[in-house]
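Since we're looking at a predicted model, the values are computed, not measured.
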Amino acid sequence: MAGVGRKPRTLIDTMRTQLWVHQLKRLTHARSFYELNEKFEIFNTNYSSDYANGSTGVNSTTRKLIDQAIQANYSIESIKYSDFYNIGPTVQSDDGEIEFVRFWDALDGPIEGLWDILFWYDFSAELQHELGLAFKVKISLIIARLFNTTEPPSEWLQKDQPNFVAKAYRNGEIHVDLRLLTVVIAVWRLANFMKDSVYLADYMMIGLLDKAAEDLLSPLAPKFTDVEKSKAPNKTEEPKKTKEYPSFYSNFLMHLINIDAPKVQKFNEVVDKFNGYIPSRPNLIYNEAKSESYEFSGDTGFDYFKVSTEGTRVSEFLKSKLQTFGI
């Protein structure tokens with residue numbers, strides 16, 4: 001019997017590798033990926049530039065060897081380096097400790113685990129969860145952090161108004177860090193799964209995707225092309241520019257589109273299905289010869305729901321953003 005083939009790499013696999021190698025370069029103070037290869041030449045890791053552009057995945061053996069090398073040579077005992085790949089990026093806690101943020105779980109982990117991310121961010125939400133309180137109550141701290149009030153202003157429902165969260169961030173009125181971005185992603189996925197507070201979760205996500213998400217994520221793994229691949233220290237000629245690859249940030253946006261677009265499509269299909277249940281009604285038609293006839297047509301009364309949600313979904317916003325800015 002033929003063996004099972006290797007599973008195709010996903011965008012999350014690519015992003016994990018990109019974050020891992022860019023943070024390795026930063027942590028070891030390597031000036032280029034060529035220099036990073038030299039630092040770890042003993043482990044035959046001559047693929048760091050391919051890791052950076054996402055064209056090659058890093059295996060568990062290499063990650064383990066790099067962990068051992070870092071602990072032996074860089075005196076970094078507070079973190080396990082492979083956790084950039086396994087968990088996500090780091091933040092500094094209030095007491096100065098380095099903490100890994102469960103970014104990959106928020107983006108791609110099981111739905112049940114998303115509650116743990118919410119409880120990690122706001123421990124009181126766990127009690128509210130056990131008491132069976134409404135979902136909007138459980139995310140009240142997040143609402144307060146983004147709107148500077150526990151109850152968003154009624155104007156947020158109006159499409160002709162600017163996004164309050166995006167505007168507040170650009171004006172420096174709210175502080176957004178990787179913890180908050182990660183928990184909002186988890187809340188957004190939970191809301192869509194439960195069909196509860198979906199409009200609000202989409203609104204908060206779009207507010208952060210306007211600018212805050214890019215400010216936080218792009219520096220973690222800056223855009224990389226193959227230019228640097230052949231850039232050895234002693235070479236004086238200008239390296240030839242070759243293929244460009246999607247950046248860490250653009251892979252992140254595409255992953256969000258892939259999560260949301262099928263949900264939007266399903267919503268529209270259900271609306272169309274219920275439009276089909278409405279009986280056709282006769283409409284009187286006056287012909288040119290002044291005779292009368294009847295034409296039967298169905299009502300599309302449920303299309304109101306399509307119209308009301310147009311432009312409110314994350315995937316719609318991101319597709320427009322990608323086209324406008326060419327990310």
Hydrophobic clustering (ILVMFWY, side-chain heavy atoms < 4.5 Å, transitive) - are Leu127 and Phe119 grouped together?
no

Sorted by chain and residue number, the ring-ring contact (aromatic ring centres under 6.0 Å, His included) partners of Tyr85 (sequence neighbours excluded) come out as none

SB check Lys136 Glu151 (cutoff 4.0 Å)
yes

Looking only at the side chains, is there a donor atom on one of Arg313 and Asn192 sitting less than 3.5 Å from an acceptor on the other?
yes

Centroid-to-centroid, His22 to Phe248, below 6.0 Å?
no

Same cluster for Val264 and Leu253 if Ile/Leu/Val/Met/Phe/Trp/Tyr side chains link at under 4.5 Å?
no

Arg63 and Asp67 ion-paired at < 4.0 Å
no

Is there side-chain contact between Thr90 and Val101, with heavy atoms separated by less than 4.5 Å?
no

Quick check, are the ring centers of Tyr51 and Phe33 under 6.0 angstrom apart?
no

For Asn251 and Gln18, test the side chains for any donor-to-acceptor distance below 3.5 angstrom and give the result as yes or no.
yes

Within the structure provided, determine whether Leu107 and Phe252 are in side-chain contact (heavy-atom separation under 4.5 Å).
yes

Should Arg170 and Asp210 count as an ion pair when the cut-off is N to O under 4.0 Å?
yes

Side-chain contact, heavy-atom cut-off 4.5 Å: Ser48 with Lys25?
no

Using the test side-chain contact (heavy atoms from CB on, under 4.5 Å), find all partners of Ala144 that sit at least two apart in sequence or belong to another chain.
Thr150

Please table the atom pairs, donor to acceptor, closer than 3.5 Å between any side-chain atom in residues 176-185 and protein atoms at least two apart or in another chain.
| from | atom 1 | to | atom 2 | distance (Å) |
| --- | --- | --- | --- | --- |
| Asp177 | OD1 | Arg179 | N | 3.2 |
| Asp177 | OD1 | Leu180 | N | 2.9 |
| Asp177 | OD2 | Arg179 | NH1 | 3.4 |
| Arg179 | NH2 | Gln92 | O | 3.1 |
| Thr182 | OG1 | Leu178 | O | 2.7 |

When Val314, Leu318, Leu11 are each screened for side-chain contact (heavy atoms from CB on, under 4.5 Å) with Ile257, the one that passes is Leu318

Of all residues at least two apart in sequence or in a different chain, which pass the ring-ring contact (aromatic ring centres under 6.0 Å, His included) check with His255?
none

Residues in ring-ring contact (aromatic ring centres under 6.0 Å, His included) contact with Tyr121, at least two apart in sequence or another chain
none

With Trp156 via ring-ring contact (aromatic ring centres under 6.0 Å, His included) - residues at least two apart
Tyr203

